[in-house]
Amino acid sequence: MKSSTSFLATIVLAVGVAGAQTAPIAIRVDVDIASPGPVIDRHVYGQFSEHLGTGIYGGIWVGPHSSIPNINGYRRDVVEALRRIHVPVLRWPGGCFADLYDWRDGIGPPASRPVRINVHWGGVTENNAFGTHEFLNFAELIGTDAYVSGNVGSMNPYDMAQWLEYMTSDSASSLANERRRNGRDKPWQIAYFGIGNETWGCGGNMRAEYAADVNRRYSTFVNAPADMHMIKVASGPTGSRPDVYDFATAMMRDGGRLQAMSLHYYTAPMLTGSDGTRVRAPATGFDAEQWAMTLSLALHMDELVTRTSAVMDQFDPDRKVILAVDEWGSWYAQEPGTHPGFLYQQNTLRDAEVAALTLDIFHRHSDRVKLANIAQTINVLQAMILTDQQRMVLTPTYHVFGMYVPFQGATPYPARVTGPDYVLKGYTLPSVDVSAARGTDGKLWLALVNLNPDTPAHVTTNLDGTAHGLVLTGPAMDSHNTFDAPDAVHPVAFAGTNQGGRVVIDLPARAVAVVAVD
Ligand code: AHR
């Protein structure tokens, strides 16, 4: 795989950044390199791919006989793009889809696999061409750890245990031999296994106490060989319901010996329609108020993580149990004219900021958040990649994940930001958000987000040296890439200056920058 620096070098392209802007606001950033925090687990840069819309079929899998260039059925362009951003872990097969999924549907000769109806997502038929082998081989192909979500909603523990044995046993058991007959000799490594998904909702509509009992029961039987060190993820709360902390409490108290608990939270701005109904806000064509509302909702992740972690502290004061934010991202009205239930949305500079702000929050909670999965990788919700038959575009969110590669496994430092807030129509946001960390390459990395869509920021730091890296911005709040203009938004070379012995960074409005301080 490419190093982070070579990745950065390959995406430095020459386009102009934002045009004329108003006078900059003054921001002060103080990085405390004497107070390193716990390492940022690279698995917080994880992705999620569900059998939903064209997330799998068309997005990842086109089949080996497709005219779309592919590697054993996987889109070559997608494989190469995902390798470049060093995806550390991929979650599959759902989501809601997981709790109606029978793993036996997705093994054996493809022509013999049953056709089911994907009741959660558009009611379309699912031919199971992409199953266990196809997912786990894909994970190996892109160099990512596998996170498999189990079905506790409609399947019994015996079947789930059998799936684990099928995937992970190196014995001469009938299941291991069946796997061999299906083309895979050695077991796969499974890094994480989800004990259900959203048990409070599409995973079974369970009460918290019942969900905790279900976790105890299923996790008793779900085991991989000990040397695989597979982590079981209990299905935890959602930040979109008022019982978020009660649910977390019940799961931590009654769920058995947990290794990890999930938290889901979507940045989902809503508008009031002319008839008074609440509708999802659009992904493009929004105004500054919707920009501020969306970023404000994204920043709510910090409170959710802080308070959920505090609940976990009551039962796990040594912070051994991982908080796994295994679904997060923006959720807008789906694009007009697209298939109902496919959750296909455009992805703009605003989403780049949602991603950067959320990753910065995970950096600040590196003691507890050690796994996270943005929803979803391709063609669904806040996607990295959009595809249309032969064509592919990389979204602004993809570019943030690429720019942030140096933060994978880095050691974070506290960074205090001082300066005026960005205030608009009842929303008060920090003008600039900063994350600082020492990368595994030994360099000091700074990520800076200018939340103000109109005004640049003049950022003075306490750091000595020079700063070089990349910036992502565009002429409008909803700048985005399309199949006809796939490179409208992409990172360009960017540098700070040294003024009076201190690094100074002039950050454009509505921008994300990542720089190394030398
Ligand atoms: O990511 C889309 C859906 O959102 C998932 O299937 C579900 O877990 C969540 O509600």
Side-chain angles (χ1 to χ4, degrees), residues 17-19 21-31 265-269 281 283-284 286-305 328-330 332 347-364 374 382 395-397 399-401 403-404 407 415-436 446-461 469-480 489 491 494 496 505-515:
V17 294
Q21 294 170 325
T22 54
I25 55 164
I27 298 289
R28 168 82 194 185
V29 171
D30 289 282
V31 178
Y265 175 61
Y266 285 95
T267 295
T284 56
F286 49 83
D287 59 17
E289 184 176 0
Q290 289 178 51
W291 165 280
M293 178 200 304
T294 304
L295 298 190
S296 169
L297 288 167
L299 289 171
H300 181 56
M301 178 70 86
D302 189 64
E303 179 183 331
L304 286 169
V305 169
W328 68 271
S330 53
Y332 307 114
N347 192 294
T348 70
L349 205 46
R350 178 176 62 171
D351 298 293
E353 297 220 351
V354 169
L357 294 171
T358 306
L359 293 169
D360 290 353
I361 290 167
F362 296 158
H363 296 174
R364 290 194 270 275
I374 188 171
Q382 191 177 349
T395 66
T397 298
H399 290 306
V400 166
F401 272 70
M403 292 164 68
Y404 270 62
F407 287 92
R416 193 173 74 244
V417 182
T418 323
D421 287 329
Y422 166 53
V423 181
L424 186 84
K425 296 198 175 179
Y427 296 101
T428 301
L429 309 172
S431 294
V432 171
D433 190 70
V434 174
S435 189
L446 285 187
L448 303 103
V449 185
N450 188 348
L451 288 79
N452 191 314
D454 305 315
T455 311
H458 181 72
V459 181
T460 306
T461 75
L470 295 168
V471 69
L472 187 74
T473 185
M477 291 181 290
D478 70 345
S479 291
H480 58 275
V489 182
F494 182 64
I505 293 163
D506 282 300
L507 192 60
R510 54 183 181 279
V512 179
V514 173
V515 293

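For clarity, every value in this text was computed on a predicted model and none was experimentally measured.
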Notebook entry, point to check: Does the ring centre of Y404 sit less than 6.0 Å away from the ring centre of F407?
Noted result: yes
Item checked: Any residue meeting side chain to side chain contact (heavy atoms under 4.5 Å, CB included) with R416, in chain and number order, not counting sequence neighbours -> D30, T418
Next item on the list: Kindly write out the residues that satisfy side chain to side chain contact (heavy atoms under 4.5 Å, CB included) with H300, not counting sequence neighbours, or none if the list is empty.
Entry: Y265, E303, L304
Item checked: Donor-acceptor under 3.5 Å (T473 side chain, A509 main chain) -> yes
Note to self: So does V423 get a backbone contact from the side chain of D421, meaning a donor-acceptor N/O pair under 3.5 Å?
What the structure shows: no
How close do [X] and [Y] get, counting heavy atoms only, and between which atoms?
X: I361; Y: L299; value: CD1-O, 4.0 Å
X: V515; Y: G469; value: CG1-N, 3.9 Å
X: P396; Y: L349; value: CG-N, 4.1 Å
X: S435; Y: H363; value: OG-ND1, 2.7 Å
X: T397; Y: A352; value: OG1-N, 4.1 Å
X: T358; Y: M301; value: CG2-CE, 4.1 Å

Check: Pick from T284, T395, D351: which one makes a side chain to side chain contact (heavy atoms under 4.5 Å, CB included) with H480?
Finding: T284
Would you check if [X] and [Y] make a side-chain contact, meaning some heavy-atom pair closer than 4.5 Å?
X: L297; Y: T267; result: yes
X: T455; Y: S431; result: no
X: S479; Y: T348; result: no
X: V449; Y: D360; result: yes
X: V400; Y: L472; result: yes
X: Y266; Y: S330; result: no
X: F286; Y: M293; result: no
X: Y422; Y: L295; result: no

Checklist line | Stepwise side chain to side chain contact (heavy atoms under 4.5 Å, CB included) test for V432 and L451 | finding: CA-CA 6 Å; V432 171; L451 288 79; 5.7 Å; no
Check: Between R510 and D478, does at least one N-O distance fall below 4.0 Å, as a salt bridge requires?
Finding: no
Notebook entry, point to check: Do the rings of W328 and F362 sit parallel, tilted or perpendicular, given the 30° and 60° boundaries?
Noted result: perpendicular
Roughly how far apart are [X] [atom1] and [Y] [atom2], rounded to 0.5 Å?
X: L424; Y: L429; atom1: CG; atom2: CG; value: 8.5 Å
X: D433; Y: N450; atom1: CG; atom2: CG; value: 10.5 Å
X: I25; Y: H458; atom1: CD1; atom2: NE2; value: 11.5 Å
X: W291; Y: M477; atom1: CH2; atom2: CE; value: 7.5 Å
X: L446; Y: T461; atom1: CG; atom2: OG1; value: 7.0 Å

Note to self: Checking I27 against V459 for the side chain to side chain contact (heavy atoms under 4.5 Å, CB included) test, could you report, in this order, the C-alpha distance in whole Å, the side-chain angles of both residues, the deciding distance, and whether it holds?
What the structure shows: CA-CA 5 Å; I27 298 289; V459 181; 4.2 Å; yes
Next item on the list: Check step by step if side chain to side chain contact (heavy atoms under 4.5 Å, CB included) holds for V354 and T294.
Entry: CA-CA 8 Å; V354 169; T294 304; 4.0 Å; yes
